[in-house]
Amino acid sequence: MQASFEYLVDAKSSRDFYERALERLRDIVDYNGFEDHQDIGRYFKETAAFLLDPSHEYALPERYGTSWLNPVYSVKCTGEDLGRPLSFVAYEMLGLMAFKAEGRYQDMAILLSLFLEVFGLFKEKVEGKDRAEGSAAALPTGGELTSLIYSHVNGTLDYVVERRIVEGIDPSYDFALRIVMDSDLKDVSYLEKYGEYVSGDTVRLAEYLNSLDEDLIGKIADTYTEGYRLGFINTGKDLSIKKTVNIRYHIGFERVVRRAVLNFRKMGLEPVIYRRALHAPVRGQVYVGFYGDAVNRQMDFDHKEDKALFLDEAYIEKRLEAAKSTYEKNKDLARVHAGPAVIDTFGEAPFLPESRAEAYSLSPAQGELNVRLSGALGKLTNKYIPGEERSFTIIAFPLPSIGEDFDGIFKETVRLNTLDYIRYRDIQQRLICTLEKGEYVEIRGKGENLTDMRVYLCPLEDRATQTNFENCVADVNIPVGEVFTSPRLKGTEGTLYVSEVYLEGLKFEGLKLTFKDGFITAYSCTNFDDEAKNRKYIEDNILFHHKTLPLGEFAIGTNTTAYAMAKRYDIFSCLPILIAEKTGPHFAVGDTCYSRAEDIKVYNSDGREIISRDNEVTLGRLKDKDFRYYECHTDITIPYEELDSITAVSKDGERFPVIAGGRFVVEGTEELNEPLQC
């Protein structure tokens, strides 16, 4: 069955194709034409059987060692040239369960047509009539197989890109919204409607939220949605011109989401709720949308750079053209979209991935292409959903998998998320006044922590009306508790070190970054015995294939209550960056916090304008029409227990201590030390 992509014309065509494809899959299960290549035969029979009766159990870690989803196993059985692309195809097929739940026949047809095309290629080869008598049946070459996959990806790219963009701005895509608003949430079987992986942890989460009284659910939802509203007010953006908001969450939070939907509607915002991306061209390294539990984190890590199979100049051109065309057709919907409101989670067991040579990885040239693509897509999105008009908010709660103290941690997190922001605003203003006395800020680690950084600040022409640091309270980043700035790059230098940190769920041990004039010049970690693996781990997951990155942010987290909670329950390894960044000084590499909104004037509550919205990199946007952002911003936090001092140093060398011996010493900030005594 050679696919011509005609099934993408409409839903009926794709449904008809899907029904015919199921019959073909049954034939494949019974096909015995691979006698000379038993492993290839097993691949097609087992994958076809999964497609006929899909289940998340197929991808569970305990089955992964002998699974075609595992590139190591696939390469071992069928060789590198065929094993890697065959594993790619198997991994793509996992999306069938989610698409089936939604009735997305076009997406299901895309998956099945890919598998059937691949099978057809192998079948044609083994049944070739020019085979010499007694010789083994031929197989396709790796080049023939990857060429077929490449053609399929490009042939379906317009649909995949258009669907992904439109479902993020069009409220008529209401599959998840109907589950949230129409289901009997007391019966947690509603979770199965999503088509996502539902573990016992997710069931326990939904049951736990059902046990909370309505007032507490309302308090959680109100904090979340009010933070979103304040994000517009505090940045001088007009929320009244917006009509939609994107809600992102881990399934199980439906009681909170339902209340949030009602709150947003009172603001004039209709929710758009879409699933995490599943097709390879639009899939990222983190889940964006609604999502269930990760069925197999090592598997996802193994396939995070599958786009290496098809990423080239032609693909980029087609990908960008598809995005531009989609935005242009839907520009009215895009213009009234307000941005994301995210409910993040924490508590999963720490994950230290195994780096495998059999998995796809971007070549250096592809890394540069990927950077260029990300920048161009970001610029395109900003054109149709202007950064100066949109905002966001993010809040986080624990999952039951955090352990037996879940109830206590959850309620403590609710308390963290609702701390008195007025109190923090006033304390943080005292810190800012001291920091501004310095030309630069000196940050030093304690004991085995090797941090020794000098961060230069943007010069202030008028201290009465200007400030370097944003006094961040509970709006877009909940909970309250940080002051931050975009450093001046020239002169910023030194060593940043953290003994252990989790970034986007990945563990880094002995992470060390060296800076010169604000840019990373050297990097290392101690995750692996092989230094080359350590460097690649950082290049893939912090540098994101950039040759270097600038220091985009320097901040001091002031939420010592969050720090004390993490220490009391021993959950530092579980904290999301949203909370972790509030528990100590942190440094972000990549874009500044003001990317694409540098020209919007922002003021602290004292009326002074925050002028450090640009750095030497972003000022390039004023002259270079092809200027590209880095499209990444990774916060790295030094915990208080590894911190010795933070000192502002003036031009004439006068020193103004902010933190000494790991404790706040500015007059009026002493109460921040109380939780640190635990």
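For the single chain, residues carry numbers from 1 onward in sequence order.
- Pro479 is listed as a side-chain neighbour of Ile579, based on a closest heavy-atom distance under 4.5 Å.
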TODO: Go through the steps to decide whether Thr223 and Asn417 satisfy the test side-chain hydrogen bond (donor to acceptor under 3.5 Å, both in side chains), and finish with yes or no.
DONE: CA-CA 7 Å; Thr223 301; Asn417 290 337; over 6 Å; no
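- Between the Arg613 side chain and the Glu598 main chain, a donor and an acceptor come within less than 3.5 Å of each other.
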Task: Verdict with reasoning, Tyr208 to Asp407, per side-chain hydrogen bond (donor to acceptor under 3.5 Å, both in side chains) - done: CA-CA 8 Å; Tyr208 178 78; Asp407 179 66; 2.6 Å; yes
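- Atom CG of Leu230 sits about 10.0 Å away from atom OG1 of Thr235, to the nearest 0.5 Å.
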Open item on the list: Between Tyr327 and Thr381, is the side-chain hydrogen bond (donor to acceptor under 3.5 Å, both in side chains) condition met? List the steps.
Closed with: CA-CA 8 Å; Tyr327 273 124; Thr381 299; 3.2 Å; yes
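- The distance from the CG atom of Asp426 to the CG atom of Asn471 is 8.5 Å, given to the nearest 0.5 Å.
- Ala176 and Phe290 get closest at one heavy-atom pair: CB-CE2, 3.6 Å.
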Task: Stepwise side chain to side chain contact (heavy atoms under 4.5 Å, CB included) test for Arg259 and Thr225 - done: CA-CA 9 Å; Arg259 285 290 296 265; Thr225 57; over 6 Å; no
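- Salt bridge present: Arg596 and Glu631 bring a charged side-chain N and a carboxylate O closer than 4.0 Å.
- You'll find the side chain of Glu254 reaches within 4.5 Å of the side chain of Tyr194, heavy atoms only.
- Heavy atoms from other residues, nucleotides or ligands lying under 6.0 Å from NZ of Lys219 number 12 at most.
- Around CG of Asp213, the count of heavy atoms belonging to other residues, nucleotides or ligands within 6.0 Å exceeds 12.
- With contacts defined as side-chain heavy-atom distances shorter than 4.5 Å, the pair Ile638/Phe587 qualifies.
- Using a 4.5 Å heavy-atom threshold, the side chains of Ser391 and Phe232 count as touching.
- Within the model, atoms CG of Leu513 and CD1 of Ile538 stand 6.5 Å from one another, a figure rounded to the nearest 0.5 Å.
- When all heavy atoms of Val261 and Leu177 are compared, the closest pair comes out as CG2-CD1, 4.0 Å.
- By the 4.5 Å heavy-atom criterion applied to side chains, Glu553 and Asp635 are counted as neighbours.
- Here OG1 of Thr560 is found 5.0 Å from CG of Leu676. Values are rounded to the nearest 0.5 Å.
- Across all non-hydrogen atoms, the minimal contact from Arg283 to His303 is NH2-O, 4.0 Å.
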Open item on the list: I'd like to know whether Asp540 forms a side chain to side chain contact (heavy atoms under 4.5 Å, CB included) with His545, so could you lay out the CA-CA distance, the side-chain angles of the two residues, the decisive distance to 0.1 Å, and finally the verdict.
Closed with: CA-CA 6 Å; Asp540 291 350; His545 303 288; 3.2 Å; yes
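- Phe264 places a side-chain heavy atom less than 4.5 Å from the side chain of Ile247.
- Tyr594 and Phe484 have tilted rings, their planes meeting at an angle from 30° to 60° on a 0 to 90° scale.
- Ring-centre distance between Phe508 and Tyr537: below the 6.0 Å cut-off.
- Formation of a donor-acceptor pair under 3.5 Å by the Glu388 side chain with backbone atoms of Asp599 is not found in this model.
- Under the side chain to side chain donor-acceptor pair (under 3.5 Å) criterion, Tyr640 pairs with no residue, sequence neighbours left out.
- Not one N or O on the side chain of Asp302 forms a donor-acceptor pair closer than 3.5 Å with the backbone of Ala359.
- Two residues are said to be in side-chain contact when any heavy atoms from C-beta on lie closer than 4.5 Å; Arg204 and Ser199 fail this criterion.
- In this structure, the side chains of Val203 and Val198 come closer than 4.5 Å at one or more pairs of heavy atoms.
- With Phe397 as the partner, the side-chain contact (heavy atoms from CB on, under 4.5 Å) test is satisfied by one option alone out of Leu209, Ile220, Asp344: Ile220.
- Ion pairing between Arg163 and Glu102 holds under the 4.0 Å rule for side-chain N and carboxylate O.
- Rounding to the nearest 0.5 Å places CD1 of Ile636 at 8.5 Å from CD1 of Ile577.
- Ring geometry for His56 against Tyr197 counts as tilted: the plane angle lies between 30° and 60°, on a 0 to 90° scale.
- Applying the 6.0 Å contact sphere to NZ of Lys193 captures more than 12 heavy atoms from other residues, nucleotides or ligands.
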- [ ] Test side-chain hydrogen bond (donor to acceptor under 3.5 Å, both in side chains) on Asp107 and His279 and set out the steps.
- [x] CA-CA 9 Å; Asp107 296 270; His279 291 296; 2.9 Å; yes
Open item on the list: The test is side chain to side chain contact (heavy atoms under 4.5 Å, CB included); show your working for Thr583 and Asn559 and say whether it passes.
Closed with: CA-CA 6 Å; Thr583 65; Asn559 198 324; 5.7 Å; no
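- Residue Glu404 qualifies as open at atom CD: its count of foreign heavy atoms under 6.0 Å is 12 or below.
- With Lys507 as the fixed residue, the salt bridge (Lys or Arg N to Asp or Glu O under 4.0 Å) test singles out one of Glu354, Glu500, Glu348: Glu500.
- Closest heavy-atom contact between Met565 and Glu412: SD-CG, 3.2 Å.
- Of all non-hydrogen atoms in Val371 and Phe544, the two that sit nearest each other are CG2-O, 3.7 Å.
- Other residues, nucleotides and ligands place more than 12 heavy atoms under 6.0 Å from the CD atom of Glu207.
- Counted within 6.0 Å of CD on Glu509, heavy atoms from surrounding residues, nucleotides or ligands total more than 12; the atom is thus considered enclosed.
- A distance-only check finds a donor-acceptor pair linking the side chain of Asn210 to the backbone of Leu185 [under 3.5 Å].
- Side-chain rings of Phe572 and Tyr563 approach one another, their centers coming within less than 6.0 Å.
- Sorted by first and then second residue, the salt bridge (Lys or Arg N to Asp or Glu O under 4.0 Å) pairs involving residues 169-183 (not counting sequence neighbours) are Asp174-Arg178.
- Between the side chain of Asp201 and the backbone N or O of Ile402 there is no donor-acceptor pair closer than 3.5 Å.
- In this structure, the side chain of Tyr228 engages the main chain of Gly339 through a donor-acceptor pair within 3.5 Å.
- With salt bridges taken as basic N to acidic carboxylate O contacts below 4.0 Å, none links Arg275 and Glu167.
- Separation of atoms CG (Leu278) and CG (Leu94) is listed at 9.0 Å; rounding is to 0.5 Å.
- Nearest approach of Met299 to Val295, heavy atoms of both residues: CE-CG1, 3.8 Å.
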Open item on the list: Between Lys379 and Tyr629, is the side chain to side chain contact (heavy atoms under 4.5 Å, CB included) condition met? List the steps.
Closed with: CA-CA 8 Å; Lys379 189 173 183 178; Tyr629 290 91; over 6 Å; no
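- One finds no salt bridge joining Asp300 and Arg297 here, because no Lys/Arg side-chain nitrogen approaches an Asp/Glu carboxylate oxygen to under 4.0 Å.
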